[in-house]
Amino acid sequence: QVHLVESGGGLVQAGASLRLSCTASGRDTNWDVMGWFRQAPGKDRELVAVISWSGASQSYADSVKGRFTISRDNAKNTMFLQMDKLKPEDTAIYYCADGPSLRSGVTTETRDFTSWGQGTQVTVSS
């Protein structure tokens with residue numbers, strides 16, 4: 001079982017940046033697809049970005065394309081989400097998740113992600 005811990009959330013003004021981190025322990029996740037998801041109050045959890053084991057393949061929600069960047073450092077078992085030009089509608093709890101081991105590419109199906117962190121709150125004020 002992999003244990004995931006997110007950090008880096010906070011309260012910022014619109015237009016600011018934040019960098020989220022997700023550190024994995026308990027099992028090697030270097031070959032896994034990993035992703036960031038978010039859930040705003042009263043809304044379903046939604047995919048934000050996913051990344052392949054090598055980092056070569058990524059996929060983003062349309063709402064964050066061009067503003068958010070997902071990356072990973074397999075040597076440190078850590079994944080990142082750089083969030084720039086934040087908007088009030090980005091306010092949510094952000095979760096990192098561990099997905100399947102794929103030789104290449106990514107999956108964007110939430111059901112494929114089986115381990116989840118506790119989440120970190122991101123609040124963007126207008």
Side-chain angles (χ1 to χ4, degrees):
Q1 184 77 12
V2 63
H3 182 59
L4 303 172
V5 178
E6 304 95 336
S7 62
L11 170 63
V12 297
Q13 291 188 328
S17 298
L18 280 175
R19 189 189 197 207
L20 305 183
S21 299
C22 171
T23 300
S25 61
R27 177 175 67 73
D28 185 0
T29 59
N30 287 350
W31 306 106
D32 298 347
V33 175
M34 297 193 72
W36 288 99
F37 295 75
R38 67 186 181 186
Q39 188 166 18
K43 296 187 177 181
D44 293 334
R45 188 172 299 188
E46 63 174 355
L47 178 146
V48 176
V50 293
I51 187 168
S52 64
W53 73 269
S54 67
S57 296
Q58 303 164 15
S59 182
Y60 295 89
D62 287 344
S63 58
V64 306
K65 282 181 181 176
R67 300 188 298 122
F68 290 10
T69 303
I70 190 171
S71 62
R72 64 192 296 168
D73 183 342
N74 286 341
K76 297 182 179 179
N77 293 321
T78 302
M79 178 179 63
F80 305 98
L81 185 68
Q82 178 66 40
M83 305 186 294
D84 299 320
K85 300 178 182 178
L86 283 161
K87 304 176 180 180
E89 51 263 44
D90 294 319
T91 295
I93 299 174
Y94 284 70
Y95 300 90
C96 71
D98 178 64
S101 296
L102 298 179
R103 181 168 295 183
S104 63
V106 297
T107 175
T108 57
E109 295 291 338
T110 301
R111 64 175 180 266
D112 290 338
F113 293 83
T114 56
S115 295
W116 296 80
Q118 292 298 307
T120 185
Q121 177 71 47
V122 172
T123 303
V124 185
S125 63
S126 58

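Since the structure is predicted, the reported quantities are computational estimates derived from the model, not experimental observations. Quick note: numbers below take in every heavy atom, side chains included, and nothing from hydrogens, waters or symmetry partners.
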- Item | Euclidean distance, M83 CE relative to Y94 OH, rounded to 0.5 Å | 5.5 Å
- Hey, are the side chains of W53 and L102 touching, using non-hydrogen atoms and a 4.5 Å cut-off? no
- Item | Considering all heavy atoms, the nearest S126-A14 contact | CA-CB, 4.4 Å
- Please step through side-chain contact (heavy atoms from CB on, under 4.5 Å) for the pair R45 and R38, ending with a clear verdict. CA-CA 6 Å; R45 188 172 299 188; R38 67 186 181 186; over 6 Å; no
- Query: If you round to the nearest 0.5 Å, how far is CG of N77 from OG of S25?
  - Reply: 8.5 Å
- Query: Are L86 and V48 co-members of a hydrophobic cluster defined by side-chain heavy atoms under 4.5 Å apart?
  - Reply: yes
- Message: If you apply the rule side-chain contact (heavy atoms from CB on, under 4.5 Å), what do you find for F113 with V50, and how did you get there?
- Response: CA-CA 10 Å; F113 293 83; V50 293; 3.6 Å; yes
- Considering only heavy atoms from C-beta outward, does the side chain of P100 approach that of E109 to under 4.5 Å? no
- Any chance the rings of F37 and W116 have centres within less than 6.0 Å? yes
- Joint hydrophobic cluster, V64 plus I93, side-chain heavy atoms closer than 4.5 Å: no
- Task: For V106 and S59, work out which heavy atoms get closest and say how close.
- Result: CG2-CB, 4.1 Å
- Please lay out, stage by stage, how K87 and D90 fare under the test salt bridge (Lys or Arg N to Asp or Glu O under 4.0 Å). CA-CA 5 Å; K87 304 176 180 180; D90 294 319; over 6 Å; no
- Message: Rounded at 0.5 Å granularity, tell me how far CD1 in I51 sits from CZ in R72.
- Response: 6.0 Å
- Flag for E89-T91: side-chain donor and acceptor within less than 3.5 Å: no
- Item | Under 3.5 Å: donor-acceptor pair, side chain of T78, backbone of T23 | no
- Taken to the nearest 0.5 Å, the spacing of E6 CD from C96 SG works out to 4.0 Å
- Hydrophobic cluster membership, I70 vs V2, 4.5 Å side-chain cutoff: yes
- V5 and C22, any side-chain heavy atoms less than 4.5 Å apart: no
- Within the distance-only criterion (no hydrogens, no angle test), does the side chain of T123 pair as donor or acceptor with the backbone N or O of L11 below 3.5 angstrom? no
- Quick one: CG on L20 to CE on M79, what's the gap to the nearest 0.5 Å? 9.0 Å
- Y95 vs Q39 side-chain heavy atoms within contact, under 4.5 Å: yes
- Where is the tightest heavy-atom contact between R111 and T114, given as atom of each residue plus distance? O-CG2, 4.5 Å
- Interatomic distance, CG@L18 vs CZ@F68, rounded to 0.5 Å, equals 9.0 Å
- S115 and side-chain contact (heavy atoms from CB on, under 4.5 Å): which partner among D98, T29, D32? D98
- Query: Minimum heavy-atom separation for Q121 to A92, with atom names?
  - Reply: NE2-O, 3.4 Å
- Message: Quick one, S17 and Q82 - any side-chain contact, counting heavy atoms below 4.5 Å?
- Response: yes
- Determine the minimum heavy-atom distance between A24 and L4, stating which atoms define it. CB-CD2, 3.6 Å
- Item | G105 versus V33, closest heavy-atom pair with distance | O-CG2, 3.8 Å
- Query: For F80, is the NZ or CZ atom of R19 found under 6.0 angstrom from the centre of its six-membered ring and inside 45 degrees of the ring axis?
  - Reply: yes
- Message: Within the 4.5 Å heavy-atom criterion, are W31 and N74 side-chain neighbours or not?
- Response: no
